[in-house]
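Excluded from the calculations below are hydrogen atoms, water molecules and symmetry mates; all remaining heavy atoms, backbone and side chain alike, are included. The sequence lines fix the lettering, A, B, ..., with proteins before strands; numbering per chain opens at 1.
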Amino acid sequence: MTLQEILAAPLRSVLDGMGVSPETQAPFEIPRQQGFGHLSTTVAMGLARELRKPPKAIAEEIIERLGSLPMVEKLEVAGAGFINVTFKPEAFHTVLRSLDGMGDDIGRSSIGGGQSVNVEYVSANPTGPLHAGHGRNCALGDTIANTLAWAGYDVTREYYFNNAGNQMNKLGESIAARVCEALGKSDVLPFPEDGYHGEYIVDVANELVGQHGDQLTQLVDSDAIDDLKAQCRKAGETWCFEQIKKTLHVLNIHHDVFFNEDSLYGSGRVEKTIANLRERGLVYEKDGALWFALSKMPNATNVDRQDKVIVKSTGEPTYRLPDIAYHVEKLERGYGMLVDIFGADHIATIPDVLSGVEALGHDASKVRVVIHQMVTFIEDGAVVKFSKRSGKSFTLDDLIDEVGADVVRFFFVMRTPGTHLDFDLNLAKEEGDKNPVFYLQYAHARICSILRKATAGVPDTASVDLSVLTHERELELIAIISRFRSTVERAAETLEPHIIAEYLRDLAGAYHQFYHDCRILGSEPVLEQARLVLANITRRALHNGLMILGVKAPESM
RNA sequence: GCGCCCAUAGCUCAGAUGGAUAGAGCAGCAGCCUUCUAAGCUGCGGGCCGCAGGUUCGAAUCCUGCUGGGCGCGCCA
């Protein structure tokens, strides 16, 4: 039960009585300004045209027809035709009691209806440790997955990787070159021009030499360089993946499925994709390569409609082909929705994949792509430069070491995905009042402290008289808690988790204000009981909100 | 040149799908701890919502055209 729900039914029947089309929405808004009541609606203004009457007159008629409602203090017309609603305190008590009924599930919703969703994120190839910029994809993807789960979807978290391609060969070659260096035979295999220059390559090489020095020496001496490269590649992959998983673990990220691109070849899906496209006349050969005829697709999502190569003249497929096969595979696994989390630098691949999916007779609208813009790290007012290949890389581990996992997760999701993100390292490192993460965690810890100190524990709500909660801060706090579920729903629908981060700031703020103005322990026994209940429900909401963001909710700080 | 994204306070950003006088945090200034965690609360200053048109009762929000920035536009992924 929310404040909106108290009014929804009566208003609906009034509108019906006025002969208004049943589709007419009666949205309630929370007035931005003080003094406009607890809720307001613009229905009257929306109906002005249909009813050919001035909005104010319609508003007055609606109010008259609504009559007096049990939990409503007053209804008034304001401005151009707003209907402002002020509730009696008992409305808030009703709402609070129903929120308490949710128990630890406060904020949970069932709008997802159990529909299965696959969220694919991170998906970095095992060619090196995750760099700091990857953090946004990681945090965003996992938070979106959490949000969908809380909204009642059945979520699978998936990581797509390729351990077969050209990049992996370069990794193997780079490590092999470092191995040769370590063995004092750098002339055998010079470091490749476009190899991976990172420190970790040297680490892996040294580790290998330490463990299998003799065997590697033998490979080098017998000129079995290909074998050396292959062994190095395998070792590099294992090392990188371990590293990546360790980093994700620290960030509280755990995938259900690690999908290897290579398996698409083994299962024949890539071949099948070509065959299916060919069957539909969407494939042709030119210059020794195989082309996907996007220009022939009538309703292609693709905007530029340029034909694209799917198999190079060397016989190797381009990334496009397995990507299409992969998305088809996921859809055939039966998911009702696929969510892809991509950085803006991969934006160009999306229309091709969607067109491919569509061409093969699947519903491309099931695929929702979240594109996040790039991240800039700012320190002391200046942009921090880093590059994966330069050797002076700034890894996600480095970032976590500097600012902590909670801050990393929060900072990466606190902005809307579509905008460029400035990650302020100074602010992030601040372990105090300036840091927005601590603001939320502090509110949670503060509540826990009080609950610990309450000698009789948290009272059973059923036996508590909530009607003593009449302070403005108390009612405001209740109103904000009651928005939690719809906030989760909105974040799930839009796939924009920053909505939850914003909400939690409001929630924590309302609690801090309540805490400041309303003494809990030691006030009148009845009031103390009621306030303990309110504090405890706030705690649950904060806790769950932080869980969705993957941020810890400490019981003391 | 073409496509996608962005432009709101000194800085970093919200803005509930078109509503009322534009909202936070940080930075600046001024207050509040003999009582539940001051990692908190309260107040003040700060705006041509990039520019110009259009749509309508009403636009930061929708449409068009500019300007300025980011990311792409490969038989790389």
Taking the [atom1] atom in each of [N] and [M], what is the distance between them to the nearest angstrom?
N: B:A9; M: B:G18; atom1: P; value: 23 Å
N: B:G19; M: B:G58; atom1: C1'; value: 7 Å
N: B:C33; M: B:A39; atom1: C1'; value: 15 Å
N: B:G25; M: B:U64; atom1: C1'; value: 36 Å
N: B:U17; M: B:C62; atom1: P; value: 13 Å
N: B:A24; M: B:U8; atom1: C1'; value: 13 Å
N: B:G46; M: B:A27; atom1: C1'; value: 12 Å
N: B:G43; M: B:C26; atom1: P; value: 14 Å

| request: Using a 4.0 Å heavy-atom cut-off across all strands, classify A:A348 as base, sugar-phosphate, or nothing. | output: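 The residue A:A348 makes sugar-phosphate contact but no base contact.
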
Atom CD of residue position A:E379 - does it have more than 12 heavy atoms of other residues, nucleotides or ligands inside 6.0 Å?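 More than 12 within 6.0 Å, yes.
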
Rounded to whole Å, how long is the line connecting atom [atom1] of [X] with atom [atom2] of [N]?
X: A:R505; N: B:A14; atom1: CZ; atom2: C1'; value: 8 Å
X: A:F423; N: B:G70; atom1: CZ; atom2: P; value: 22 Å
X: A:E379; N: B:U12; atom1: CD; atom2: C1'; value: 16 Å
X: A:L451; N: B:C36; atom1: CG; atom2: P; value: 16 Å
X: A:I447; N: B:A39; atom1: CD1; atom2: P; value: 16 Å
X: A:I450; N: B:U37; atom1: CD1; atom2: C1'; value: 9 Å
X: A:Q373; N: B:C4; atom1: CD; atom2: C1'; value: 8 Å
X: A:H516; N: B:G40; atom1: NE2; atom2: P; value: 12 Å

Worksheet item: Between A:D506 and A:I480, which heavy-atom pair has the shortest distance, and what is it?
Response: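 A:D506 and A:I480 have their closest heavy atoms at O-CD1, 4.0 Å.
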
With a 4.0 Å cutoff (strictly under), does any side-chain N or O of [X] reach OP1 or OP2 of [N]?
X: A:Q513; N: B:U42; value: yes
X: A:K312; N: B:C76; value: yes
X: A:R519; N: B:C33; value: no

Does the ring of A:Y515 meet both stacking tests against the six-membered base ring of B:G40: centre distance under 5.5 Å and plane angle under 30°?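 Aromatic stack with B:G40 absent for A:Y515.
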
Using a distance-only criterion (donor-acceptor N/O pair, under 3.5 Å, no hydrogens), is the base of [N] paired with the side chain of [X]?
X: A:N84; N: B:A20; result: yes
X: A:S40; N: B:A20; result: yes
X: A:S313; N: B:C75; result: yes
X: A:Y442; N: B:A39; result: no

Next item on the list: Check every atom of B:A27, B:C6, B:C71 against the side chain of A:K434 and return the nucleotide holding the closest atom.
Entry: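 The nucleotide sitting nearest to the side chain is B:A27.
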
* Which nucleotide sits closest to the side chain of A:A80: B:A20, B:U37, B:G19? ->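 Among B:A20, B:U37, B:G19, the one nearest the side chain of A:A80 is B:G19.
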
- Item | Over-ring placement of A:R446 relative to A:Y515, 6.0 Å and 45° cut-offs |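 Checked: cation-pi criterion met.
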
Item to complete: Show the numbers, then the answer: is there a side-chain hydrogen bond (donor to acceptor under 3.5 Å, both in side chains) between A:Q167 and A:Y196?
Response: CA-CA 9 Å; A:Q167 299 301 318; A:Y196 289 89; 2.9 Å; yes

For [N], give the paired nucleotide (Watson-Crick: N1-N3 plus N6-O4 or O6-N4; G-U: N1-O2 and O6-N3; both under 3.5 Å), or none.
N: B:C48; answer: none
N: B:U67; answer: B:A7
N: B:G40; answer: B:C32
N: B:A22; answer: none
N: B:C73; answer: B:G1

Item to complete: Run the salt-bridge test on A:K434 and A:D424 with the 4.0 Å N-O cut-off and return the result as yes or no.
Response: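 A:D424 and A:K434: not salt-bridged.
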
Q.
Using heavy-atom distances to pick each residue's nearest nucleotide on RNA chain B, tell me which of A:I520 and A:H420 is more 5'.
A.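 Checking each residue's closest nucleotide, the 5'-ward one belongs to A:H420.
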
